[in-house]
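Proteins come first, then strands; the chains are lettered A, B, ... in the order of their sequence lines, and each starts at number 1.
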Amino acid sequence: MMAWLGGVLLMLGLLFFLAGSFGVLRFPDVFSRLHAVTKADTLGLGFIVLGLGVLQQDWQRFLLMLLIWGLVMLSGTISCQLLGQYGRDQTRDHEESAE
Amino acid sequence: MSLVHWYLLIAAALWGIGCYGLIRGPELLRRIIALNLMGAAVFLVMVTLAARTEPADGVLHALVLTGLVVAVSATAFALALVARTLSEQA
Amino acid sequence: MSGDFWFDALLGVLLLVLALATIQARQLAAAVMLYVVFGLMLALAWARLGAADLALAEAAIGAGLTGALLFSALARQPKSITPPVRAGKMAPLAALMLCISMGTVLGWTLWQLPLQPAHSQLPAALEQLGSSGTEHLVTAVLLNFRAWDTLLELLVLLLALLGTRLVAAPEPAALQHWPLARQWSIRLLPLLVLVAFFVLWRGATAPGGAFQAGALLAAALVVLRLNGQLPMLSFGAWWVRALILAGVLAFLLAGLLSLWLNWQPEQAVQWLSWPLPLAKGLILLIELCATLAIGLTLTLLVVGERKELTA
């Protein structure tokens with residue numbers, strides 16, 4: 001029963017990762033791609049961490065995995081913000097030079 | 001095909017890819033990356049050979065760890081040389 | 001087909017695809033990013049093959065620090081360089097044939113290797129593990145059985161640093177500083193220092209050790225320096241020079257000490273063989289100095305100031 005639940009959570013995480021990757025490939029500009037990749041990847045990782053926690057049932061390891069998820073979330077957020085600023089400066093320079 | 005054979009073949013292919021990148025370039029930086037790929041292939045061979053025993057052979061792992069750090073040092077020096085070369089050309 | 005089979009098959013194919021993409025990527029920045037991803041997948045391969053220390057080291061040094069080095073090299077390239085032209089039609093075909101044939105010969109040779117090793121140093125090493133001063137085999141090999149190799153490796157790091165200073169490559173352009181990045185690096189610093197020393201301490205009993213810890217410290221220092229939060233680490237400062245030399249010096253002093261303690265008249269001297277009661281303490285001391293030295297050396301390799309040594 002626990003194995004089944006863990007498998008389902010892992011599958012959900014995989015689905016979110018796939019969705020994020022599709023977003024990166026299909027969206028037209030930098031900002032929407034960033035949006036897709038950070039949101040979907042963070043949520044996907046969260047589901048994978050939950051699934052692994054359910055499957056292995058050691059609460060200390062689960063807490064460590066949650067800490068890792070928290071760090072990935074934070075660094076993803078920061079990187080996304082910095083990349084977004086860079087992208088905004090790039091598009092602004094582009095528009096200014098096009099005028 | 002066992003695990004060992006599979007990873008040995010992957011290492012050989014990786015080495016070939018790195019060699020192709022080294023020959024074709026064209027930028028110097030790309031050649032340095034290709035050299036790193038060849039180094040990674042050699043490490044893969046060593047670690048796969050270490051995985052033949054159970055538990056894995058720690059002696060080979062230690063040698064690969066040394067090799068990893070030496071590869072980073074060599075890459076750093078090579079990159080400094082490339083930067084100086086390009087600034088002299090400019 | 002078990003799950004293991006699919007995992008290994010996919011990981012192998014992914015490694016090859018990433019390597020090909022790195023070589024063929026049109027923009028250099030894309031090639032560097034793909035190489036960093038390749039490094040992380042390689043760390044996964046190390047973990048799969050049972051090399052946990054290597055997975056840690058590859059993720060920290062191979063993917064992380066090499067990626068930072070490559071990006072900083074990209075930033076240093078002057079914009080006025082005309083991109084080199086690829087050669088004509090025959091050259092790529094010839095190169096492809098050459099590499100395919102060499103790869104095939106290599107693959108065929110490797111296939112001939114036996115699945116059980118004929119000579120392995122593992123049993124002898126495991127036998128002597130108890131008297132080596134640590135419980136973890138890789139640390140014992142690095143700092144006791146093959147201590148000479150590790151000493152020379154620290155020397156190679158030092159030589160690479162001196163070489164980069166002598167070559168005097170130009171500085172990259174000054175970065176603009178984002179307040180968000182600065183806040184993040186300040187929060188990250190204590191965590192990285194804690195994890196680094198934890199990894200160093202655990203190296204005695206579990207995967208870990210001086211190199212991984214040094215790489216983590218270097219990561220913290222590089223991020224701080226790139227954000228402009230660390231004053232220039234100049235070679236003129238005495239403590240910078242002292243820390244860089246600390247690893248090699250600790251090793252040499254420990255070697256001399258054990259030579260003196262082990263010395264018996266009319267017996268061959270053994271370089272770098274730790275006396276039994278001191279082994280644990282010596283290894284810990286050497287690892288601590290090596291961690292600080294490696295951390296600072298790797299930092300200076302990535303973000304050090306390039307001042308030419310004048311006569």
Notebook entry, point to check: When you look at CD of C/Q27, are more than 12 heavy atoms from neighbouring residues, nucleotides or ligands closer to it than 6.0 Å?
Noted result: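 Count not over threshold, so no.
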
Going from [atom1] on [X] to [atom2] on [Y], what distance comes out if it is rounded to the nearest 0.5 angstrom?
| X | Y | atom1 | atom2 | value |
| --- | --- | --- | --- | --- |
| C/L137 | B/D57 | CG | CG | 7.5 Å |
| C/L54 | B/L60 | CG | CG | 10.0 Å |
| C/I23 | B/C19 | CD1 | SG | 10.0 Å |
| C/L49 | B/M46 | CG | CE | 13.5 Å |
| C/L158 | B/S73 | CG | OG | 10.0 Å |
| B/R84 | C/T164 | CZ | OG1 | 12.5 Å |

Minimum heavy-atom distance between [X] and [Y], given as atom pair plus value:
| X | Y | value |
| --- | --- | --- |
| C/V167 | B/A80 | CG1-O, 3.5 Å |
| B/R30 | C/A25 | NH1-O, 2.6 Å |
| C/A95 | B/R24 | CB-CD, 4.1 Å |
| C/L122 | B/G58 | CD1-N, 3.9 Å |
| C/P114 | B/R52 | O-NH1, 2.6 Å |
| C/F38 | B/A40 | CE2-CB, 4.0 Å |

Heavy-atom distance under 4.5 Å to chain B: side chain of [X], backbone, both or neither?
| X | result |
| --- | --- |
| C/L298 | side chain |
| C/Q212 | side chain |
| C/F145 | neither |
| C/T66 | side chain |
| C/A73 | side chain |
| C/V105 | neither |
| C/L98 | side chain |
| C/A51 | both |
| C/W108 | neither |

Note to self: Testing C/T297, C/L157, C/L65, C/I294 one by one against B/V69 for a side chain to side chain contact (heavy atoms under 4.5 Å, CB included), which residue passes?
What the structure shows: C/L157

Notebook entry, point to check: Only one of C/V141, C/L142, C/D149 forms a side chain to side chain contact (heavy atoms under 4.5 Å, CB included) with B/L65, so which one is it?
Noted result: C/L142

Name the member of [options] that forms the most heavy-atom pairs with chain C at distances under 4.5 Å.
| options | result |
| --- | --- |
| B/A13, B/P55, B/A62, B/G16 | B/A62 |
| B/T75, B/I33, B/I23, B/I32 | B/I33 |
| B/V82, B/V72, B/V70, B/L63 | B/V72 |

[X] versus [Y]: any side-chain heavy-atom pair under 4.5 Å?
| X | Y | answer |
| --- | --- | --- |
| C/P117 | B/L49 | no |
| C/M102 | B/W15 | yes |
| B/N36 | C/Y35 | yes |

Check: Do C/L11 and B/Y7 pass the side-chain contact (heavy atoms from CB on, under 4.5 Å) test, and can you show the C-alpha distance, the side-chain angles, and the key distance before you say yes or no?
Finding: CA-CA 10 Å; C/L11 188 59; B/Y7 276 111; 3.5 Å; yes

Next item on the list: With side-chain contact (heavy atoms from CB on, under 4.5 Å) as the test, would you mind laying out the steps for C/Q24 and B/Y20 before giving the verdict?
Entry: CA-CA 10 Å; C/Q24 295 290 99; B/Y20 183 68; 4.1 Å; yes

Next item on the list: Check the pair C/L159 / B/F77 against side-chain contact (heavy atoms from CB on, under 4.5 Å), numbers first and verdict last.
Entry: CA-CA 9 Å; C/L159 283 176; B/F77 186 51; over 6 Å; no

Chain B interface, residue from [options] that has the most non-hydrogen pairs under 4.5 Å:
| options | answer |
| --- | --- |
| C/G103, C/A9, C/A31 | C/A9 |
| C/T104, C/V138, C/L16 | C/L16 |
| C/V13, C/T109, C/L70 | C/L70 |

Note to self: I'd like to know if the side chain of B/W6 reaches the main chain of C/D8, judged simply by a donor and an acceptor atom lying under 3.5 Å from each other, with no hydrogens or angles considered.
What the structure shows: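 Checking the backbone N and O of C/D8 against the side chain of B/W6, a donor-acceptor pair under 3.5 Å is found.
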
Checklist line | Interchain contact, B/T66 with chain C, by part (heavy-atom threshold 4.5 Å) | finding: both

Notebook entry, point to check: With a 4.5 angstrom heavy-atom cut-off, which part of B/L9 approaches chain C: side chain, backbone, both or neither?
Noted result: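 Interface part for B/L9: side chain.
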
Next item on the list: Could you go through the side-chain contact (heavy atoms from CB on, under 4.5 Å) check for B/I17 and C/C99 one step at a time?
Entry: CA-CA 7 Å; B/I17 294 176; C/C99 292; over 6 Å; no

